[in-house]
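Okay, so here's the structure we're looking at.
Here is how names work: the chains are called A, B, and so on, in the same order as the sequence lines, proteins then strands, and each is numbered from 1.
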Protein chains: 2
Amino acid sequence: MASSIHDLARHLNISIGTVSRALNGRADVNADTRQRVLDAAKRLNYSPNQSGRALRQGATHSIAFMLQPHPGDQQYGEPFFIPFLIGLQAKLAEHGLDLMVVMGEPGQYQQERLRRVVETRLVDAVVLANTRREDDRIDYLSKAGFPFATLGRSQSGGDTYPSLDIDFERAGDEAVDRLVARGHRRIAAIRPSLDLNFGYLFLDGYRKALKRHGIEVDPDLIADGFINEAGGYQVTPQVMRSKDPPTAIIFNNDAMALGGCKALAEMGIKPGHDMAVIVIVDTPLCRYFSPTLTAFRPALEAMGRRLAEMLLASLPAFAGPEGPRIIREVWPLELVARESD
Amino acid sequence: MASSIHDLARHLNISIGTVSRALNGRADVNADTRQRVLDAAKRLNYSPNQSGRALRQGATHSIAFMLQPHPGDQQYGEPFFIPFLIGLQAKLAEHGLDLMVVMGEPGQYQQERLRRVVETRLVDAVVLANTRREDDRIDYLSKAGFPFATLGRSQSGGDTYPSLDIDFERAGDEAVDRLVARGHRRIAAIRPSLDLNFGYLFLDGYRKALKRHGIEVDPDLIADGFINEAGGYQVTPQVMRSKDPPTAIIFNNDAMALGGCKALAEMGIKPGHDMAVIVIVDTPLCRYFSPTLTAFRPALEAMGRRLAEMLLASLPAFAGPEGPRIIREVWPLELVARESD
DNA sequence: TGTGTTCTCGTAAACGTTTACGGAAAAACG
DNA sequence: CGTTTTTCCGTAAACGTTTACGAGAACACA
């Protein structure tokens with residue numbers, strides 16, 4: 001079925017070397033023979049065998065995206081990542097690269113999978129998501145000298161790799177700004193308890209804005225929970241039990257916000273009415289929940305394309321006209337005002 | 001960095017053949033030397049190079065999942081597929097297989113990508129989603145003799161490949177049953193206009209149940225639209241303009257249901273109140289929409305695992321104790337009763 | 001002791017590419 | 001016409017594996 005370069009060579013009575021050079025657009029091949037080779041390739045339906053190619057070139061022409069579902073998130077995974085993946089894949093495809101998605105078991109740390117992917121030379125580079133504040137995957141990749149890029153920042157690994165992140169700090173800041181402008185002074189912040197880096201960034205922005213407005217940061221209004229609906233449900237009552245309860249809550253995650261709203265409802269508190277709610281990262285759920293949730297929306301698909309560009313620029317094989325490498329980029333979020341605040 | 005089998009051989013003063021046999025658990029190698037090889041492999045951090053392995057064995061040990069976003073679906077893609085992918089990947093990983101996700105541009109037919117994946121021997125098998133009633137991808141794969149499995153049925157290709165599908169027919173049937181039991185006689189059906197096979201199946205069940213209840217099938221109550229929110233929004237008023245408008249609508253897709261509910265709201269009709277609404281495939285959106293939408297829920301993750309098993313059983317390299325091959329399986333959906341009907 | 005069997009390992013080819021090297025033929029140049 | 005350059009192509013090695021084959025050594029058996 002699959003014809004090899006040898007078949008072409010035999011068929012045309014020339015050597016495999018010439019065939020290969022012709023196909024790869026090398027200069028040292030007669031225009032005439034090149035045409036004959038191309039014709040034959042089309043006629044015999046030739047496509048280069050990836051394994052042979054990869055072995056010889058030491059490059060597989062594929063990139064791995066490591067996706068790690070959060071624990072307890074088994075039911076619907078991360079719709080968040082789909083548009084990002086679409087963008088990532090589209091840009092990679094433009095350069096002839098394929099995307100391999102590697103998922104771990106929910107909650108299981110991916111070091112083993114990552115090591116295998118790297119050591120077995122399964123791909124040419126990896127893209128990490130769910131970056132932790134201290135991320136041993138990043139340490140490992142840096143130390144191994146393996147090309148990678150991250151969706152999300154981390155404190156690990158220094159400034160040596162391309163990373164693209166959302167401006168959680170500014171989002172936290174703007175959320176507070178907006179709420180203060182609407183008269184709120186008691187503003188709670190609920191974020192995931194894991195070491196996920198964006199939780200810290202969000203809180204930084206939150207604190208900064210409060211200070212700017214001369215509002216004291218009240219530790220009772222800051223809570224961490226599991227990064228899923230149950231977590232939000234569980235932790236929201238906690239801030240409500242403060243001596244001086246909040247009139248607004250900023251959730252750092254959509255699933256947590258949904259759980260939180262459920263908890264509020266059970267306490268007889270109506271989000272968007274008795275309680276202002278803002279979500280930092282918008283997902284379709286925010287748009288359809290009732291009340292619709294005011295949220296900050298990232299340009300996920302564009303980010304996917306961008307991170308692909310940044311990664312490619314860091315790969316020797318693809319680095320174009322040698323401009324300065326883009327190491328870090330932080331993208332703003334767009335506020336989508338809805339009913340909940 | 002990466003050590004090869006030659007490094008091990010040189011290090012242990014034995015031949016690469018012996019090293020390879022030791023690593024692969026072949027019988028004709030001394031227990032002692034095997035242990036030395038394994039030790040050295042661990043110490044030198046050896047992992048077999050995938051490309052070399054694949055080239056020699058003619059098998060890449062990876063599977064492609066072809067995901068094709070529907071046109072107009074660019075914003076949030078298909079959260080539907082994530083849990084399926086998690087299950088698929090988990091089961092494949094148990095057998096040492098990797099998953100490659102190939103996404104096309106939304107709306108673009110994937111023949112070209114598919115051909116490339118197959119002809120370059122990028123993977124050992126593919127899993128198709130979004131199966132059409134007549135699907136030339138299936139025709140192509142069958143003709144090429146390339147191993148594959150499908151999520152969703154099709155009329156193409158005969159019964160020669162493993163396929164796993166949801167029982168849309170029964171869901172359509174049960175939905176009508178439920179609505180009739182609640183007193184409805186004018187029941188509309190809205191489904192995607194594409195050639196997606198499940199749209200036909202759903203309608204079969206819908207018609208069958210109506211007949212069983214002695215209700216005439218009214219073509220005015222059946223409408224096709226774009227398989228996204230805008231499509232539902234656009235097409236719903238169409239069935240409402242019937243001389244004898246429906247009191248219930250079954251939507252064959254969650255996004256279309258959301259658009260439909262929006263259209264209804266604008267007509268002053270409250271779903272769950274003035275109009276019963278049932279959705280055939282549940283997604284998280286159904287759970288959080290207001291009113292919450294009664295829907296049929298598939299066991300996506302389990303389906304992913306199952307389809308992986310079926311695919312593996314059809315691959316010569318993995319076919320276990322040679323039981324009968326599972327060719328087709330149709331899984332029931334579970335009704336999740338909520339507020340909308 | 002001779003013959004057959006078993007255990008263990010080395011040799012070398014093969015998978016499908018790409019590419020460094022060299023050489024023959026053609027072209028350019030004096 | 002002789003020399004140099006250019007054009008074009010074949011040869012062969014290499015990437016890292018796996019595996020068929022065969023051979024030497026050890027062992028069993030009579």
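The distance from atom CD of B/Q89 to atom CD1 of B/I63, rounded to the nearest 0.5 Å, is 11.5 Å.
Salt bridge status for A/K42 with A/D39: absent, with no side-chain N to carboxylate O gap under 4.0 Å. No salt bridge links A/R34 with A/D28; every basic N to acidic carboxylate O contact stays at or beyond 4.0 Å.
One axis for each end of the helix from C/dT1-D/dA30 to C/dG30-D/dC1, each built from five base pairs, and the angle between them comes to 50° at 10° resolution.
B/L141 has its side chain within reach of B/V118: a pair of non-hydrogen atoms, C-beta onward, lies under 4.5 Å apart. When side chains are defined from C-beta on, B/L311 counts as touching B/V127, because their heavy atoms get closer than 4.5 Å. By the 4.5 Å heavy-atom criterion applied to side chains, A/N24 and A/S20 are counted as neighbours. A heavy-atom distance below 4.5 Å is found between the side chains of B/I138 and B/S142. Considering only heavy atoms from C-beta on, A/L99 stays 4.5 Å or farther from B/V101 through its side chain.
For B/F65, the ring pair (Phe, Tyr, Trp, His ring centres under 6.0 Å) test picks out B/F81, B/F84, with sequence neighbours left out. Applying the salt bridge (Lys or Arg N to Asp or Glu O under 4.0 Å) test to A/E329 and every residue at least two apart in sequence or in another chain returns A/R306. When the side chain to side chain donor-acceptor pair (under 3.5 Å) test is applied to A/D159, the partners found at least two apart in sequence or on another chain are A/R328. A/R115 pairs by the side-chain contact (heavy atoms from CB on, under 4.5 Å) definition with A/E112, A/E119, A/Y140, B/N45, not counting sequence neighbours.
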Throw together a table of side-chain donor-acceptor distances under 3.5 angstrom for residues 149-158 of chain B, partners on residues two or more places apart or in other chains.
{"from": "B/T150", "atom 1": "OG1", "to": "B/G152", "atom 2": "O", "distance (Å)": "2.7"}
{"from": "B/R153", "atom 1": "NE", "to": "B/D165", "atom 2": "OD2", "distance (Å)": "2.9"}
{"from": "B/R153", "atom 1": "NH2", "to": "B/D165", "atom 2": "OD2", "distance (Å)": "3.4"}
{"from": "B/R153", "atom 1": "NH2", "to": "B/I166", "atom 2": "O", "distance (Å)": "3.1"}
{"from": "B/S154", "atom 1": "OG", "to": "B/R132", "atom 2": "O", "distance (Å)": "3.0"}
{"from": "B/S154", "atom 1": "OG", "to": "B/R133", "atom 2": "O", "distance (Å)": "3.0"}
{"from": "B/S154", "atom 1": "OG", "to": "B/S156", "atom 2": "N", "distance (Å)": "2.9"}
{"from": "B/S156", "atom 1": "OG", "to": "B/D135", "atom 2": "N", "distance (Å)": "2.8"}

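Residues from residues 52-61 of chain A with heavy atoms under 4.0 angstrom of DNA chain C, sorted by number: A/G52, A/R53, A/R56, A/Q57. Contacts of residues 19-28 of chain A with DNA chain D (heavy atom under 4.0 Å): A/R21, A/D28. The stretch residues 6-17 of chain A touches DNA chain C through A/H6, A/I16, A/G17, each having a heavy atom under 4.0 angstrom from the strand.
Minimum heavy-atom separation, B/V102 to B/A64: CG2-CB, 4.3 Å. Closest heavy-atom contact between B/L312 and B/F318: O-CB, 3.5 Å. Nearest heavy-atom pair, A/L196 versus A/N130, reported as atom, atom and distance to 0.1 Å: CD2-O, 3.8 Å.
Within the structure, the side-chain hydrogen bond (donor to acceptor under 3.5 Å, both in side chains) test picks out the following pairs touching residues 48-59 of chain A (sequence neighbours left out): A/Q57-A/H61.
When DNA chain D is scanned 5' to 3' for any atom under 4.0 Å from a heavy atom of chain A, the first and last hits are D/dC8 to D/dG16.
In this structure, A/S47 reaches the sugar-phosphate backbone alone: every heavy-atom distance under 4.0 Å involves primed, P, OP1 or OP2 atoms, never a base. Contacts of A/T33 with the nucleic acid, taken as non-hydrogen atoms under 4.0 Å apart, involve only primed sugar atoms and P, OP1 or OP2.
Residues B/S51 and A/N30 each lie close to DNA chain D; by heavy-atom proximity, the contact nearer the 5' end of the strand is made by A/N30.
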Would you sort out whether A/T60 and A/L122 count as a side chain to side chain contact (heavy atoms under 4.5 Å, CB included), showing the intermediate values?
CA-CA 7 Å; A/T60 64; A/L122 191 61; over 6 Å; no
Hey, what are the protein-to-nucleotides 26-28 of chain C N/O distances that come in under 3.5 Å?
none

